[in-house]
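The block underneath contains the structure these notes are about, expressed in structure tokens.
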Amino acid sequence: MCGIVGYVGAEQCTPILVDGLRRLEYRGYDSAGLAVHTSSGLEVIRAVGKLTNLEKELGKHPLVGTTGIGHTRWATHGRPSEANAHPHVAGDIAVVHNGIIENHAAIRRELQSKGVKFASDTDTEIVAHLIEETQKQQKGSLEDAVRGALQRVHGAYAIAVLSRKTPGEIVVAKDQAPMVIGLGSGAMYAASDIAALLAYTRDVLFLEDGEVATLTRESVRVTTLAGAVVKRAAKRIDWSVTQAEKGGYKHFMLKEIFEQPRALEDTLRGRLDLGSGDIVGEEIGMTPEIAKSITRVYFVACGTSAHAASAGRYWVEQLARIPSTLEIGSEVRYRDPVFTPTDLVVAVSQSGETADTLAAVKAAKAQGARVLAVANVLDSAIPRIADASLYTHAGPEIGVASTKCFTTQLAALLMLAVYLGKRRGALSDEASHRIVDALSHVPVQMRQVLSDADLVKEIAKRYIKAQNMLFLGRGTGYPIALEGALKVKEISYVHAEGYAAGEMKHGPIALIDAEMPVVVICPRDAHYEKVLSNMQEVRAREGDVIAVCTAGDTEVRRIVGGDGYAGGVAGNESVIEIPEAIPEVLPLLTVIPMQLIAYYMADLKGTDVDQPRNLAKTVTVE
Ligand code: AGP
């Protein structure tokens, strides 16, 4: 997730572009850059790190001109560096890009075989070269060259393009990544989202997937990739800048919860081979021989990432049949653990910087174990010392309480388990086909779960006075119960415990009475009958059950609400449904109601949802 801005008008563009990028820094901040039509042609300035570094460079080398594009980067391909910062230039063309080009490696090889030299490791640079090549061959307009180049790429993109040959013109295009055009008076703007535009205009055109637009001072022309002209009325936006940064949501956390289908699509992009039912896992960095030689998978992580790792452990054992353990980073580092060269240590960390996880990884490396990082931040400390990294590509997560990073970690770990299972001969083709196919449907199913947010809000309303909560689950429902309890603790400051449902009668059942809300994760899987029994035990002690179950489960409704209960919010009972899915992907769906319960409880209590007390987003101290 990166931020793009563009301006064409009568005023100096640099301050407008920098101001727009500042509004978009929440979308990415590892490097930034501008390309501007100046009197000497097309000039580019880029800098690593936050926007202030770019501003310092611009102070030394001012870019004077009235047409330009800018970018703030969240690295996905190629580490954060000046060479990998956008804009990328090829001949007369400068490009900024947000998204992931899936077939970049094949196109790069093809262009290199024709003698094209690359200056960066990014997927974006191929777009600049393709546009340059197409323009040379077709000798048409910049818009035609962009259209021609985009016919060749697969993946997600929003791009803004300048050509040295056509000053006063910006071409933008998009597919599965946002791009909005701002309509000014004698000026046009482009941006990844409207937060960057609102200081200048409130009249906008949202570009749709597969559309291209040419912006000049006086006009905007929108066409499809095939060249058909698109007529679309402008919309007037009333949001404040702060509202716009949060996409209209009240908090970043809520925005990030709703972003999960899109984030997951980015995690899965280019990694699922639906034809063969396999995982495209070059990044995992393992030959089939190495995969076969692993004798133990050792997960290390902290907090929410440890809950994802816990689900990963279940999957690696079930699907790849490799003995697996999970330990939290702060324990491993002082336990003097034994690692062996045939151990695969999987370090799960959103930030890639968590001190305890990093220390555990260093201990594992020192003893010769192979380390795979599952991280969201490219080139962060843990990926830098790992042997390989499987990035989650969720985009920056601003809310301290992790949500979209958790679900994308789950997806990455499930893909890892399938990858290992296939290579070790532990997982049949039929089974891997089934999982790969099911994963591809999860983004749509997540949208279905999210459409029930209002129901969850009604349920949450009833518990804002609760002092304690219990979350129960079995199998991979257990890490989801832990995650539900952690979310409630973190942001609503209510004491909550996650328990393996089978452990309830070994102690926590003593706590259950009419004052104790109990969230039970009970989708139809191998543990279903047993979880139903646990739910009945809670009901028998007048515990107030909130059930998360498979759509149409009348048995759960009967237990939760008594015979004749129709579901929804009625009296003290509640049932939240998730779509029918195979057991392996259920945690990606059942966790969404957990996040929403925590969010709405916290919001209704009026806590600081995005920056809860005493917590930091990245814990780089012990
Ligand atoms: C999640 O909501 C928390 N903020 C916290 O538990 C977090 O998951 C933990 O600190 C680990 O962070 P990491 O994923 O960046 O390593």
Side-chain angles (χ1 to χ4, degrees), residues 30 74 251-257 259-260 263 267 299-312 326-333 345-362 364 371-386 389-413 471 479-494 496 498 591-592 594-599 601-602 607-622:
D30 61 50
W74 175 262
H251 294 101
F252 278 110
M253 182 184 173
L254 190 61
K255 173 174 179 263
E256 286 157 3
I257 290 172
E259 246 169 37
Q260 289 179 108
T267 310
F299 290 93
V300 287
C302 299
T304 285
S305 296
H307 299 153
S310 173
L326 158 71
E327 209 161 347
I328 52 173
S330 54
E331 284 299 310
V332 186
R333 65 184 299 189
V345 173
V346 180
V348 186
S349 173
Q350 175 279 131
S351 62
E353 301 285 348
T354 298
D356 287 326
T357 309
L358 181 60
V361 165
K362 284 181 181 164
V371 176
L372 174 71
V374 173
N376 195 43
V377 180
L378 200 96
D379 212 37
S380 46
I382 295 169
R384 276 205 303 276
I385 60 169
S389 300
L390 184 58
Y391 286 106
T392 46
H393 297 320
E397 192 175 62
I398 311 292
V400 165
S402 187
T403 51
K404 64 175 180 172
C405 283
F406 177 70
T407 40
T408 56
Q409 285 169 343
L410 288 177
L413 292 168
F471 287 72
I480 299 307
L482 292 172
E483 178 58 8
L486 180 65
K487 285 281 104 44
V488 165
K489 280 184 273 212
E490 278 188 298
I491 58 168
S492 63
Y493 312 150
V494 169
V591 75
I592 293 176
M594 309 294 120
Q595 299 165 341
L596 288 170
I597 288 170
Y599 172 78
M601 279 177 65
T607 64
D608 187 348
V609 170
D610 284 334
Q611 291 180 318
R613 67 187 182 200
N614 309 335
L615 293 177
K617 183 69 189 162
T618 305
V619 185
T620 51
V621 291
E622 287 189 51

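Counting convention: from 1, in listed order, for ligands and their atoms alike.
In this structure, the protein non-hydrogen atom closest to atom 11 (C) of ligand 1 is Cys302 O, 3.3 Å. For atom 13 (P) of ligand 1, the closest heavy atom belonging to the protein is Thr354 OG1, 3.2 Å. Of all protein heavy atoms, the one closest to atom 15 (O) of ligand 1 is Ser351 OG, 2.6 Å. From the protein, the heavy atom lying nearest to atom 3 (C) of ligand 1 is Glu490 OE2, 3.0 Å. Taking atom 10 (O) of ligand 1 as the reference point, the nearest protein heavy-atom neighbour is Val619 CG2, 3.9 Å. Nearest protein heavy-atom neighbour of atom 7 (C) of ligand 1: Thr304 N, 4.1 Å.
Residue Ser402 has at least one heavy-atom neighbour below 4.0 Å for each of these atoms of ligand 1: 1 (C), 2 (O). Each of the atoms 8 (O), 13 (P), 14 (O) of ligand 1 lies under 4.0 Å from some heavy atom of Ser305. Close approach of ligand 1 to Gln350 (heavy-atom distance below 4.0 Å) involves ligand atoms 13 (P), 14 (O), 15 (O), 16 (O). Using a 4.0 Å cut-off to heavy atoms of Ala401, the atoms of ligand 1 that qualify are 2 (O).
Between Phe299 and Val374 there is no side-chain heavy-atom pair separated by less than 4.5 Å. Proximity of Glu397 to Thr403: side-chain heavy atoms (C-beta onward) are separated by under 4.5 Å at one or more points.
Polar contact check, Gln409 against ligand 1: no nitrogen or oxygen pair lies under 3.5 Å apart. At least one N or O atom of Val400, backbone or side chain, sits closer than 3.5 Å to an N or O atom of ligand 1. Checked by distance only, ligand 1 and Thr357 stay at 3.5 Å or farther apart across all their nitrogen or oxygen atoms.
Here the rule is side chain to side chain contact (heavy atoms under 4.5 Å, CB included) with Val346, and of Leu413, Leu390, Val371, Val300 only Leu413 fits it.
Atom CD1 of Ile382 sits about 5.0 Å away from atom OG1 of Thr357, to the nearest 0.5 Å. Interatomic distance, CD of Glu327 versus OG of Ser310, reported as 13.0 Å (0.5 Å rounding). Atom CG of residue Asp610 and atom CD of residue Glu256 lie 7.0 Å apart, to the nearest 0.5 angstrom.
For Glu353, the heavy-atom gap to ligand 1 stays at 4.0 angstrom or more.
Counting only distance, with no hydrogens or angles, the side chain of Thr392 and the backbone of Cys405 share no donor-acceptor pair below 3.5 Å.
No hydrogens or angles considered: a donor-acceptor pair under 3.5 Å links the side chains of Lys487 and Thr304.
The 12-atom threshold is not exceeded at CD of Gln611, counting heavy atoms of other residues, nucleotides or ligands nearer than 6.0 Å.
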